[in-house]
**Student:** 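Pasting a structure below so you can have a look.
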Amino acid sequence: MALEDYKADMERCSQCSYCKWIPFDQVKSWRFAKGCPSIAYNNFLSYSARGRYAVALSLLNGQSTYSDRVVDIVYKCTTCGSCDVSDKICRYNLEPLEMIHELKFRLVEDGQVLPQHTALIEHLRKENNMMEKPAAGRGDWAEGLDIKRVPGESAEVLFHAGCRFSYDEELQETARTAVTILKNAGVDIGIMGENEPCCGGRAYDMGYKEEFTRLAENTIKAWTAAGVKTVVTPCADCYHAFNRLYPPLGAKFEILHTVQYYDRLIKEGKLKFSKTVPMRVTYHDPCHLGRRGEPYVPWEGKEKKIKNQIVIYEPKKPRYNGAWGVYDPPRDVLKSIPGIELVEMERIREYAWCCGAGGGTRETYPDFSNWTATERIEEAKATGAEAIVSACPWCEMNFKDAINTSGDKMKVFDVTNLVKQAI
Amino acid sequence: MALKDELAGIVGSECVSDDPEALDAYSKDLSFVKPVKPRLIIKPGSADEVQAIVRWANQTATPLVPVSSGPPRFRGDTVPSVPGAVIVDMSGMKKIMRIDRRNRVAMIEPGVTYTELQPELAKEGLRLTTPLLPRAGKSVVASLLEREPTLIPRQLWASLDPLRCNEIIWGDGNKLVTGDAGNWTSMEDAWERKQAPAGATGPGQADFYRFVSAAQGSMGIVTWASVKCEILPAPHKLFIVPARKPDDLFDFTYRLLKFRFADELLLINNSSLAYILGDGPGGIKALMKELPPWVVLVGIAGRSILPEERVAYQEKDIADIAGKSGLKLESAVPGARGDDVLKALLSTSREPYWKLGYKAGYQDILFITTLNRTPEYIKTVKSVAEASGYPTSDIGVYVQPLHQGANVHCEFILPFDRDDSKEATGMQQLLTKASEKLIEQGAFFSRPYGIWADMAYKRDAQTTTVLKKLKGIFDPNNVMNPGKLCF
Amino acid sequence: MALAKEAYRELEEVVGKEYISDDPALLDCYRYPLSHTAIHIGPYYRVYTPRGAAVLLPGSAEEVQGIVKVCNKYKVKFKPSSTFWSAWGFPLEDDTIQLDMRRMDKILEIDDKNNYAVVEPHVIGATLQAEAMKVGLNTHIHGPGASCSCLASATALGGLGPDTLYMGHHNENLLGVEWVMPDGEILKIGSVGSGLGWFCCDGPGPSLKGLVRGMVGTNGAMGVFTKCAIKLYPWPGPATLPVEGKPPAYKAVLPDNLRAYTLGFPSWKAWADSCYMIFDSGIGYVAHRQFNMFGRDLKGAMVRILSDPTRTLSDIEELLKDPEVQKMTEDMKRDYQIVLAGMTPGDIEWQDKALDKILEETGGWKVKAMLEPDLFNWSLLYMIRLGHKNLNLVFGGGYDGCFGLGGTPDFGTSGEPARVEQVTAFKVEWEKKGNVVACGGDGMMGGIGGMGGGGHSLWENFTHFDPADKASTEGTFEFFNATAKYGAEKGLGPGMEKMNDYARWTDGYTTPKEIRDRILGSAAQPEAFRYQRKFKETFNPNDLGDGYYRTLDDPDE
Ligand SMILES: Cc1cc2nc3c(=O)[nH]c(=O)nc-3n(C[C@H](O)[C@H](O)[C@H](O)COP(=O)(O)OP(=O)(O)OC[C@H]3O[C@@H](n4cnc5c(N)ncnc54)[C@H](O)[C@@H]3O)c2cc1C
Ligand code: SF4
Ligand code: SF4
């Protein structure tokens, strides 16, 4: 698809503004009703999905040309997909998030890029990670762990740590814990260590589609060569890339997030808790695991009209509207930990507020990214929880940074950390 | 006399009067407003005549004072503020133009009184909610235009309900029909198509009828209006909820307002209730003593669909709600039976007026506030009265929830002997002092008669400026009751 | 056209650099495509409202006043909008500056005794309702739904919707307003003007509320409303809506005192009789012919799709063949939705009995399929929150209402055949041409009570089309020309389809004066617009509003 293919969508967007809010049925307060962090922070209409439709159309129609403002509008979006869920409450034939991606792709193609992104991508090309670290150190996180190394050794399940868990010293321990928990529960698990590729998902969300495709194809090749069938990852970004973006490129792997694996093991009685973790926690749904974590459904077809002017697709097209994301497994895991009291924030599941780390905004718009995270912390605080738990290292980092800036007392955990405490 | 002839040319000589006695009657009322003698009284019979009169007044710079109700009058609004005025007596325009049962609207001319309208409505199974015991000669249209409070707050979606469409002759002589009816070229044609003048707003982007409301005749003259009626209630009961202090009644009243339960709903003190029910000063005095200090009057009516059942469940639920506030829903209290109160509420006042039953005169003080704030005002009026040597036990208080409970009309009734000049002077001072204090305290004199006008407009300079500009548009020559309000 | 540099700089000084922009692409986000929706003109294929000269995001009434003063100094037109869901809120001329009110978004007060809220422009139905529910109150949410500004619909435009029967027309709910007048003065109307609180909008003396708010409001053409007080209504339900289910098929299982029914009737006469009986009995919390917006033939299928997260529009054809859906559609042919809200158990019991009695007397029924728990809970939530109103545009992205049988229930349903059937038959013929969605001709939707307590019912015949399709858009326009002509010939009253022709013309700009004068001059009372011209001259001396304000010169001018 190209940006031009979304022109009809641009003309069919009805300016209803639903994309700025969480689905209205779910609004529980004035304070936590907003859905799109981009417009909430930047205010001008252009910083919403609706606005991005209009900017794209203006560019396509030649009514305006690239400007600093246009670049700002396009990239100051976390690609969290909240707009997509809210849009689809009423619209069955628009794909705002897809269009937002296409718009970013187009800007990258046209060389309208941000220096911070260019540097990141340059580095990614050279060093295979999004952390601006040397490729060679990618496997260091697992040093000393007694875990199979793929492809040298074969394992039923491949544990993919992802860039942040691999390099972020603060978080490496979580990756070590996760893989150990799985191993101890009897999972035949291996890692790729320094050979682990970057999933490319973050590059994709920043607009670097070509880069993503290159990485995805490499990964698929490497996994296929290693005989990988099942991949488990503790990173929501990686999960989304593997689960949603890889299948169209021919990938046929079973993809699980660690929380899904834990959930499975707990329900099968293979993961048992012996300790109490007395804590009131709230769970943050990472966008890429939640609303963007819906399974890929193959579809090829075209638009068609029935009853004269009702726009449908032939054959019936899958509808990604957040309904089928990964929401219950992390909650079930938390609820099964003795002592944990799970309290919900107002915006959860498909209408969760974004952590602010996505779409390349953490790297380029730290204030915006930090504000977005702070908003979430405020929401978490309103539940009376002492900790916010997530299932993605990017969310976790962004929350930690926000808390450091604001001096809040809220604790931040990965589900894995709490599972570990209970074992 | 040329002037008389000119007007006779418009309305016919029998409808122009310069009878000194009649002029004298219009020169004053029972308020403290300074008497000014009008020059003539004319009685138009049609909108065309009214329009001609207004045009003539513009040409001749003659002040016009429109009056629709019969005497006695109390608020000074129909007493000319300037000499040389012509009283436009609308009481002759008495047609009930249409009663539409299905859409529950009646179209009436301004001379139609409550006494005249209700029986006609009853024939169609309708009635119109009224102010508290309007005097027999009270014009329905005039009462509603002056935003007099009516008794059934749950039916007041609009602040001007039950007034809906109006035909207005503005001070510049132009005619405009407001509301739904303003969108139709002919009422006959509209009726034919089964339309009804039920919607009050418009036409266009302004709510023109609001400009003639509480205007004391200073903007224009309404020549017909449509009103929204209720179904004639049956059964209809009235209950009394007594209390020692008004505050004790608030939770209960607020709850009924919120639930939109009950029909008639008003708070009233013993003195006011005695003025309504009592017979002669002696009877009133005795009744005051007998009655509970405060009551809420709660009407419960059934109408058309399962009426008995409605009354039954509301009676039970309202009693429960009362119980939760430690109150009781009674069908009678010492000194008053619900049935008698209901009969009074559904009627017009005995002649000349119920507020005159105790003494030969009375002064009232009325404004808009919220229910929870009324005790402060009661306290103020009492203390000012006390300081003036006025017997506080005579102070009647009437609190009428309006607009489905968003606000209340708060009214103090202060009977006094007009013929006793000392009492009259005292009352005049009391009135001024109390009003000043009340307004300072937060009372909103939304219908600023007499001395209240200055006080109210002083508080809101921007509104005053805008009102004056508006007046300049509708009545550029200031012929409509000049000297009233801020004009 | 660009704004004079000094003017831009002065405006920037008022709001700060961050809150002003004249970037062309950004400005294009503030243009409304006239190809697609309920703006009641056109549709005009690929025509947009003019590009403004700058967009400003004021943060306070003082800033708005500052902006308006600069505008007066430089004679620049300005256009405020709060939530931007219609072309009314967008400029009519190139050199207009757009005020986007979204930064003023606070609920300043909720008085749960005297039942009102004080809000800023960007408070929307959903947020005010959510906060009100916490204290047992509710707010009127007007027809376009929970996304729209409470202030805009109370002060500036529209204001009636499904709950109007119980919660009134929003103009009546307006208890006070803070108005930055076009000349830059601030007027506070009602008790708040005297500094006494927000409880009454009328007085002292003649009510100035009439100046800002008539039937339709001043459409952003007469200054800026920066705060207002809105009357609230009881909410006899939980403090938050207990929403469950997967998107978009959310449902709420609410206590038994809240009930949603779809009522069907054997004839239009019976339909109208039921309305009158509902008005007379005083029952009902929400009452609206809502789902018929999808059309008489399609609504059954659409209800099934919308209430099931696995379904898409591609299921329509299959559903239409389903005998159960066919039965449901037939049962709903002459229908409306009603929500009953009992304040006490006795109240709900009586209301439901009264409703049954009304049905008995009119031969009507509660549509069975809509009583299935899932549909019951889905429609209950839908009608209370009104959070799915962009479904207006679900089929192709374009919709507008035509005809508009506004008035008494008898008006639309009488005639031989009933007027509603006359316009249905007319539309069916046009649907055959293929440019608008074939929905059975009757897409009539609207309130059962168009004013508090009933009295009116208001319908527009929904017409769906594809704004990205030239033939469809232009075919729809042709259809609307035909409906306007038909409506005029049959005396149906002003059709919705041309409602704004007086203001905005085919190129998206102000309607040429002679056309505008002809349209406004042919109104029943042109005098009203002559007065409005005087209001404009008096309060907007530099003419900084736009053609949405209806004005006419005196005949001799
Ligand atoms: C699909 C659709 C369905 C509709 N259905 C209905 C319906 O059922 N009932 C109904 O009543 N209306 C309906 N309308 C019209 C509707 O009233 C308006 O579109 C609605 O009020 C828009 O609300 P908004 O919050 O988006 O206001 P905005 O778009 O912000 O503004 C609406 C108008 O008010 C003006 N305005 C906004 N804010 C201010 C301010 N602060 N000061 C001064 N002026 C201001 C704007 O200039 C504009 O003219 C519908 C419109 C659409 C597009
Ligand atoms: S929700 Fe969808 S249709 Fe509505 S404005 Fe946003 S993108 Fe457009
Ligand atoms: S993806 Fe997220 S940040 Fe971007 S427009 Fe949508 S809601 Fe806003």
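Since the model is a prediction, treat every value here as computed from it, not as a measurement. Convention: sequence-line order gives letters A, B, ...; per-chain numbering from 1.
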**Student:** Go through the atoms of B:Leu176 and report whether side chain, backbone, both or neither lie under 4.5 Å from a heavy atom of chain C.
**Tutor:** both

**Student:** I'd like to verify something: which residue of C:Tyr233, C:Trp198, C:Phe279, C:Tyr548 has the highest number of heavy-atom pairs under 4.5 Å with chain B?
**Tutor:** C:Tyr233

**Student:** What part of C:Thr218 gets closer than 4.5 Å to chain B, counting heavy atoms only: side chain, backbone, both or neither?
**Tutor:** both

**Student:** I'd like to check C:Lys188 versus C:Val177 (side-chain heavy atoms, cut-off strictly below 4.5 Å). Are they in contact?
**Tutor:** no

**Student:** Looking at B:Val177, B:Leu485, B:Leu470, which has the largest count of heavy-atom pairs under 4.5 Å with chain C?
**Tutor:** B:Val177

**Student:** Is there a side-chain contact between B:Lys228 and B:Gln155 in this structure, where contact means two heavy atoms from C-beta onward sitting under 4.5 Å apart?
**Tutor:** no

**Student:** Contact part of C:Asp280 toward chain B, heavy-atom cut-off under 4.5 Å: side chain, backbone, both or neither?
**Tutor:** both

**Student:** Given a strict heavy-atom distance threshold of 4.5 Å, which part of C:Met277 is in contact with chain B: side chain, backbone, both, or neither?
**Tutor:** both

**Student:** Please look at B:Phe444 and chain C and tell me whether the side chain, the backbone, both or neither of the residue comes under 4.5 angstrom of a heavy atom of that chain.
**Tutor:** both

**Student:** Check the pair C:Tyr502, C:Phe529 against ring pair (Phe, Tyr, Trp, His ring centres under 6.0 Å), reporting the backbone distance first and the verdict last.
**Tutor:** CA-CA 12 Å; C:Tyr502 78 93; C:Phe529 308 132; 7.7 Å; no

**Student:** Using non-hydrogen atoms only, which part of C:Asp347 is less than 4.5 Å away from chain B: side chain, backbone, both, or neither?
**Tutor:** both

**Student:** Looking at chain B, which one of C:Trp350, C:Phe539, C:Phe535 has the largest number of heavy-atom pairs inside 4.5 Å, strictly under?
**Tutor:** C:Trp350

**Student:** Against the six-membered ring of C:Tyr166, is B:Arg260 placed for a cation-pi contact (under 6.0 Å from the centre, within 45° of the normal)?
**Tutor:** yes

**Student:** Is it the backbone or the side chain of C:Leu211 that comes under 4.5 Å from a heavy atom of chain B, or both, or neither?
**Tutor:** both

**Student:** Which answer fits C:Ala272, side chain, backbone, both or neither, if we ask what part of it has an atom under 4.5 Å from a heavy atom of chain B?
**Tutor:** both

**Student:** Quick test of your reading of the model: are B:Arg104 and B:Asp100 salt-bridged, counting only N-O distances below 4.0 Å?
**Tutor:** no

**Student:** Just to verify, which of B:Arg147, B:His403, B:Arg210 counts as forming a side chain to side chain donor-acceptor pair (under 3.5 Å) with B:Ser159?
**Tutor:** B:Arg210

**Student:** Out of B:Lys194, B:Arg101, B:Arg102, which one pairs with C:Asp410 under the salt bridge (charged side-chain N to carboxylate O under 4.0 Å, His left out) rule?
**Tutor:** B:Arg102

**Student:** Taking every heavy-atom pair that is under 4.5 Å apart, which of B:Val212, B:Thr369, B:Ile439, B:Asn183 has the most such pairs with chain C?
**Tutor:** B:Thr369

**Student:** How about C:Asn500 and C:Trp88: does a side-chain donor come under 3.5 Å of a side-chain acceptor?
**Tutor:** yes

**Student:** Closest heavy-atom contact between B:Cys165 and B:Ala181?
**Tutor:** SG-N, 3.6 Å

**Student:** At a heavy-atom distance under 4.5 Å, which candidate from B:Ser213, B:Ala215, B:Gly202, B:Ala312 has the highest pair count against chain C?
**Tutor:** B:Ser213

**Student:** Please classify the contact of C:Met181 with chain B as side chain, backbone, both or neither, using a heavy-atom distance under 4.5 Å.
**Tutor:** side chain

**Student:** Heavy-atom pairs under 4.5 Å with chain C: which of B:Thr178, B:Ile368, B:Ile321, B:Leu257 has the most?
**Tutor:** B:Ile368

**Student:** Given heavy-atom pairs under 4.5 angstrom as the criterion, report whether the side chain, backbone, both or neither of C:Leu137 touches chain B.
**Tutor:** side chain

**Student:** Between B:Tyr209 and chain C, which part of the residue has a heavy atom less than 4.5 Å away: side chain, backbone, both or neither?
**Tutor:** side chain

**Student:** Is chain B contacted by the side chain of C:Ala528, its backbone, both, or neither, given a heavy-atom distance below 4.5 Å?
**Tutor:** both

**Student:** Given a strict heavy-atom distance threshold of 4.5 Å, which part of C:Arg550 is in contact with chain B: side chain, backbone, both, or neither?
**Tutor:** both

**Student:** Name the option with the most non-hydrogen atom pairs under 4.5 Å to chain C; the candidates are B:Asn103, B:Asp320, B:Thr185.
**Tutor:** B:Asn103

**Student:** Between C:Lys209 and B:Asp207, does at least one N-O distance fall below 4.0 Å, as a salt bridge requires?
**Tutor:** no

**Student:** Which bit of C:Arg530 is near chain B, if near means a heavy-atom gap under 4.5 Å: side chain, backbone, both or neither?
**Tutor:** neither

**Student:** Under a 3.5 Å threshold, yes or no: a donor from one side chain and an acceptor from the other, between C:Asp183 and C:Asn540?
**Tutor:** no

**Student:** Below 4.5 Å from any heavy atom of chain B, which atoms of C:Lys357 appear? Answer side chain, backbone, both or neither.
**Tutor:** side chain

**Student:** Would you check if the distance from the ring center of C:Phe199 to the ring center of C:Tyr116 is below 6.0 Å?
**Tutor:** no

**Student:** Any side-chain heavy atom of C:Met343 within less than 4.5 Å of one from C:Pro234?
**Tutor:** yes

**Student:** Find out whether C:Leu208 and B:Thr463 are in side-chain contact, i.e. whether some heavy atom of one side chain is under 4.5 Å from a heavy atom of the other.
**Tutor:** yes

**Student:** With only heavy atoms counted, which part of C:Ile358 is less than 4.5 Å from chain B, the side chain, the backbone, both or neither?
**Tutor:** side chain

**Student:** Is it the side chain or the backbone of C:Lys353 that comes within 4.5 Å of chain B heavy atoms, both, or neither?
**Tutor:** both

